[in-house]
Protein chains: 2
Amino acid sequence: MNVLNASHLQQRLHEASILPTLQRMAVASVLLGRPVHMTAEQVLDAARRQLPSLSRATVYAVLQLFVRSRLLKELPIDGASTVYDSNTEPHHHLYDIDTGAVADLSATQLQVLGVPEAVGGMQLVGVDVIVRVRGLVQDSVSMR
Amino acid sequence: MNVLNASHLQQRLHEASILPTLQRMAVASVLLGRPVHMTAEQVLDAARRQLPSLSRATVYAVLQLFVRSRLLKELPIDGASTVYDSNTEPHHHLYDIDTGAVADLSATQLQVLGVPEAVGGMQLVGVDVIVRVRGLVQDSVSMR
DNA sequence: TTCCATGCAAAGGGTTTGCACTCTC
DNA sequence: GAGAGTGCAAACCCTTTGCATGGAA
């Protein structure tokens, strides 16, 4: 993590009213620099290269904090473990059912028609689209 | 479970090359009679009303067997436990993020445009759309 | 000094597995 | 009898929690 990245990340945490501790900066540098899809365990492994003392419980706590602060999204891809996505733009996902690899589909590439906006006192929160494929090769997440 | 249902269910299992044991018939009668969304635990509870000796491990085994045989689908709704859907028609889902209630959206009600059919050796398996809402009241699943 | 953040270990929920018993073909 | 299906309990994985320590405002 270079100085430019560090200050940029620090600013993003500041904007989200998050105290930039060492642990949070380590997690942020793994996830928030570019759009990635990672499980908690992958985040832990990557962040420990930078901060070996980092504990699993702290990573889970930081991930939840980042989700609450809308720096990350949890992906509704079924499977053993939660996948965190640092792409905060509206978008959808390609999911390789064999390898667990995940790739983004922009909201302009793929559109959903007929979403019930607010029927009968019901409030729309969000729409997730998962396109399940075999043979996807990019951006591997290796979940299984 | 009346006799008509029983023979109908038995036929569905037969068509799927599944031996119609007592346990499998109990699970089938809970799930396969009409479109429902249920967790493994809910299936166990319901099936035990019919066959009290039914074990949890067997229910999980039968659910997996039914999914492999395409009698059921696992819903990609994130959350603690897997939800099984006995509606085998192409359709999508409304999901209440507060109550866990699930409702179907027919494929004609909601359409997805721009799905990449088969790019670069990649094979399309399926498309899941989850519309997350608050305040949905029908067809409660009470997951949380 | 008062919170908030962290780390460890243990607990928790959901699911799977090992193994012996039972049933079907 | 051979193979498949079942039940129990233990194991397993992912995640959360309790509690004591450490650091920031």
Side-chain angles (χ1 to χ4, degrees), chain A residues 9-10 13-14 16-30 37-48 50-69 71-84 100 141-144, chain B residues 9-10 13-14 16-30 37-48 50-69 71-84 100 141-144:
Chain A
L9 292 175
Q10 204 153 346
L13 297 193
H14 181 75
S17 307
I18 293 175
L19 210 64
T21 65
L22 263 186
Q23 292 80 354
R24 288 166 178 179
M25 285 299 287
V27 172
S29 76
V30 167
H37 310 107
M38 297 177 82
T39 64
E41 202 64 27
Q42 292 173 326
V43 172
L44 176 62
D45 288 348
R48 273 187 173 164
Q50 211 177 296
L51 188 67
S53 65
L54 185 63
S55 86
R56 178 171 281 99
T58 299
V59 166
Y60 276 98
V62 172
L63 288 173
Q64 287 179 178
L65 174 65
F66 283 8
V67 169
R68 261 183 279 124
S69 307
L71 296 172
L72 293 178
K73 280 180 66 179
E74 294 181 339
L75 297 191
I77 290 171
D78 65 347
S81 43
T82 309
V83 176
Y84 294 89
V141 168
S142 69
M143 284 168 63
R144 28 190 84 166
Chain B
L9 292 174
Q10 205 152 343
L13 296 194
H14 180 75
S17 307
I18 293 175
L19 210 64
T21 65
L22 263 186
Q23 292 77 205
R24 287 164 178 181
M25 285 298 288
V27 172
S29 76
V30 167
H37 310 106
M38 296 177 82
T39 65
E41 203 64 26
Q42 292 174 327
V43 173
L44 176 63
D45 288 349
R48 274 187 172 163
Q50 210 177 299
L51 187 66
S53 65
L54 185 63
S55 86
R56 178 171 281 99
T58 298
V59 167
Y60 276 98
V62 172
L63 288 173
Q64 287 179 177
L65 175 65
F66 283 8
V67 169
R68 261 183 279 125
S69 307
L71 296 173
L72 293 178
K73 281 181 64 180
E74 293 180 341
L75 297 192
I77 290 171
D78 62 349
S81 44
T82 309
V83 176
Y84 294 90
V141 168
S142 70
M143 285 169 64
R144 29 189 84 163

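Both backbone and side-chain heavy atoms feed into the values below; hydrogens, waters and symmetry mates do not. Every chain is numbered from 1, with letters handed out A, B, ... down the list of sequences.
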Just the rounded figure in Å: distance from [atom2] of [N] to [atom1] of [X].
{"X": "B/L19", "N": "C/dC23", "atom1": "CG", "atom2": "P", "result": "14 Å"}
{"X": "B/L63", "N": "D/dG5", "atom1": "CG", "atom2": "C1'", "result": "15 Å"}
{"X": "A/E41", "N": "D/dT16", "atom1": "CD", "atom2": "P", "result": "13 Å"}
{"X": "A/M25", "N": "C/dA5", "atom1": "CE", "atom2": "P", "result": "16 Å"}
{"X": "A/Y60", "N": "C/dG12", "atom1": "OH", "atom2": "P", "result": "18 Å"}
{"X": "B/L54", "N": "D/dC8", "atom1": "CG", "atom2": "P", "result": "9 Å"}
{"X": "A/Q42", "N": "D/dT15", "atom1": "CD", "atom2": "P", "result": "11 Å"}
{"X": "B/R24", "N": "C/dT24", "atom1": "CZ", "atom2": "P", "result": "12 Å"}

Which of these nucleotides, [options], is closest to any side-chain atom of [X]?
{"X": "B/T21", "options": "C/dC8, D/dT6, D/dA9", "answer": "D/dT6"}
{"X": "B/A80", "options": "D/dT15, C/dG14, D/dA9", "answer": "C/dG14"}
{"X": "B/S81", "options": "D/dT15, D/dG7, C/dG14", "answer": "C/dG14"}
{"X": "A/S55", "options": "C/dC8, C/dA5, C/dT15", "answer": "C/dC8"}
{"X": "A/T58", "options": "D/dG7, C/dT15, C/dT6", "answer": "C/dT6"}

- Keeping the roles fixed (side chain from A/R56, backbone from A/L44), state whether a donor-acceptor pair exists under 3.5 Å.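 Not at all, since once roles are kept as given, no pair shorter than 3.5 Å links the two residues.
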- Taking A/T58 for its side chain and A/L54 for its backbone only, find out whether a donor-acceptor pair lies under 3.5 Å.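 No.
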- Query: Quick one: is B/T82 getting a side-chain N or O under 4.0 Å of the C/dT15 phosphate, OP1 or OP2?
  - Reply: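 So the side-chain polar atoms of B/T82 do come within 4.0 Å of the phosphate oxygens OP1 or OP2 of C/dT15, strictly under.
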- Task: Establish, with yes or no, whether the OP1 or OP2 oxygen of C/dC23 is under 4.0 angstrom from a side-chain nitrogen or oxygen of B/Q23.
- Result: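 Indeed not, no polar side-chain atom of B/Q23 lies that close.
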- Determine whether the side chains of A/S81 and A/E41 contain a donor N or O and an acceptor N or O closer than 3.5 Å.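 Judged by distance alone, the side chains do not pair up.
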- Message: At 4.0 Å (heavy atoms only), tell me whether B/Q64 reaches a base, stays on the sugar-phosphate, or touches nothing.
- Response: sugar-phosphate
- Task: Give one of base, sugar-phosphate or nothing for A/R56, where a contact means two heavy atoms less than 4.0 Å apart.
- Result: base
- Are the side chains of B/V27 and B/L51 in touch, meaning some heavy atoms are under 4.5 Å apart?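 No. Closest side-chain heavy atoms not under 4.5 Å.
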- With a 4.5 Å heavy-atom cut-off, do B/E74 and B/Y84 have their side chains touching? yes
